[in-house]
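Data block below; observations after.
Convention: sequence-line order gives letters A, B, ...; per-chain numbering from 1. We use all heavy atoms of the structure for the numbers below, so side chains are in, but hydrogens, waters and symmetry mates are not.
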2 protein chains.
Amino acid sequence: MKAVVTVASDGRKSVAEPCLEPCPIERGMRVLGGKWKGSILWHLKDGPVRFNDLTRQLGGASKKMVNQRLKELEAAGLVERRVLSTRPIAVEYAITSFGRSALAVLDQLREWSETQGI
Amino acid sequence: MKAVVTVASDGRKSVAEPCLEPCPIERGMRVLGGKWKGSILWHLKDGPVRFNDLTRQLGGASKKMVNQRLKELEAAGLVERRVLSTRPIAVEYAITSFGRSALAVLDQLREWSETQGI
DNA sequence: CAGAATCCAACCGGATACTG
DNA sequence: CAGTATCCGGTTGGATTCTG
């Protein structure tokens, strides 16, 4: 079994062991599912967003929460973290091309939710 | 705020408060996302499946787990529970037309997972 | 601004044993 | 067969405070 070690933008390594679920639905859910992850990705589709802006746009998610999910998304390669050299520091998060490939799925989920009145 | 009270097949009431998230992605995820929920739905697409069969097919999910998720899916109207009058008792779970409407989303998730090698 | 650190209650989910 | 009951360690996530 080969673990996937990812080096995040802050230099720390995270060990994301590959999801061994036989069901592709389940594997996909582990990446896109869960609280906030899909929404975060969705909110980045029109361009990079700053950390605090993102937190506010999600309305109801704590900073801690958003930060955790962002790290997971970054480790999975769906999102990119960029530090802007300003004072005070600004950080923006951008969706990667891989992340963008997931938007089709999310868009259908959005459509489903809306047409079904969820 | 109006809570949605559902009466399950065992007669017990469950109070599923409506998801108030402004983001449709998030609302959809609360219904389809989370561990095993998508997979369960997916495994019912070709016809009703018995409880123990389902548990085995998911491989790795405990009975307790599957049962909980099934109750949630039933409360949300995606799945129907049918008791077959046999000895010993048999129970099968079938996907509803509403549940079937979600299969398109799940199928795209499956395709995404597979093409992206997830 | 963008987090990190800490505390803590609530929930989750596995294991096991039991039931009609 | 299809659950329920109980125990229990681990994780989650909110609130709050602190920092470069």
Measuring to OP1 and OP2 of D:dG20, would you say a side-chain N or O of A:R87 lies under 4.0 angstrom away?
no
Whole Å only: how far is the CD atom of B:E74 from the P atom of D:dA2?
15 Å
Check this one for me: any side-chain N or O of B:N67 less than 4.0 Å away from OP1 or OP2 of D:dA2?
no
Ring of A:W36, cation from B:R30 - is the NZ or CZ under 6.0 Å from the centre and inside 45° of the axis?
yes
What pairs of donor and acceptor atoms, side-chain ones from residues 56-63 of chain A against any protein atom, are under 3.5 angstrom apart with sequence neighbours left out?
unit_1	atom_1	unit_2	atom_2	d
A:R56	NH1	A:D53	OD1	3.0
A:S62	OG	A:M65	N	3.2

Under the side chain to side chain contact (heavy atoms under 4.5 Å, CB included) criterion, do B:V91 and B:R81 qualify, and how do the steps go?
CA-CA 7 Å; B:V91 177; B:R81 180 176 183 269; 3.8 Å; yes
Report yes or no: does B:R110 contribute a side-chain atom to a donor-acceptor pair with the main-chain N or O of A:I25 at less than 3.5 Å?
no
Under the salt bridge (charged side-chain N to carboxylate O under 4.0 Å, His left out) test, residues paired with A:E111 that sit two or more places apart
none
In whole Å, what is the span from the NZ atom of A:K71 to the P atom of C:dG3?
8 Å
Scoring nucleotides 14-20 of chain C by protein non-hydrogen atoms under 4.0 Å (B base, S sugar-phosphate only, - none) yields BB-----
Apply side chain to side chain contact (heavy atoms under 4.5 Å, CB included) to residues A:V79 and A:T96 and explain how you reach the verdict.
CA-CA 5 Å; A:V79 152; A:T96 65; 5.5 Å; no
Is A:R69 close enough to D:dG13 that one of its side-chain N or O atoms is under 4.0 Å from OP1 or OP2 there?
yes
Quick one: is B:Y93 getting a side-chain N or O under 4.0 Å of the D:dG3 phosphate, OP1 or OP2?
yes
Classify the nucleic acid contact of B:R50 as base, sugar-phosphate or nothing, counting any heavy atom under 4.0 Å across all strands shown.
sugar-phosphate
Specify the separation, in whole Å, of atom CD of A:Q68 and atom C1' of D:dT11.
10 Å
Based on the rotation axes of five pairs at each end, what angle does the helix from C:dC1-D:dG20 to C:dG20-D:dC1 bend through, to 10°?
50°
Starting from C1' on C:dC12, measure out to NZ on B:K37 and report it in whole angstrom.
14 Å
For B:R56 and D:dG3, give me the distance from atom CZ to atom P, rounded to whole Å.
13 Å
Shortest side-chain distance from B:N52, nucleotide among C:dC1, C:dG3, D:dC1
D:dC1
Would you mind reading off the distance between A:L84 atom CG and C:dA2 atom C1', rounded to a whole angstrom?
11 Å
Who passes salt bridge (charged side-chain N to carboxylate O under 4.0 Å, His left out) against B:E72, sequence neighbours left out?
B:K37, B:R69
B:R82 CZ to D:dA2 P, in whole Å, measures 14 Å
Give the rounded distance in Å between these two atoms: CG of A:D53 and C1' of C:dG3.
15 Å
Would you call the rings of A:F51 and A:Y93 parallel, tilted or perpendicular, where under 30° means parallel and over 60° means perpendicular?
tilted
Taking only residues two or more places apart in sequence or in another chain, which ones pass side-chain hydrogen bond (donor to acceptor under 3.5 Å, both in side chains) with A:S113?
none
Picking from C:dG3, C:dA2, D:dT4, the nucleotide nearest the side-chain atoms of A:A90 would be C:dA2
Evaluate side chain to side chain contact (heavy atoms under 4.5 Å, CB included) for A:L78 paired with A:L41, printing each intermediate quantity in order.
CA-CA 8 Å; A:L78 297 161; A:L41 223 47; 4.1 Å; yes
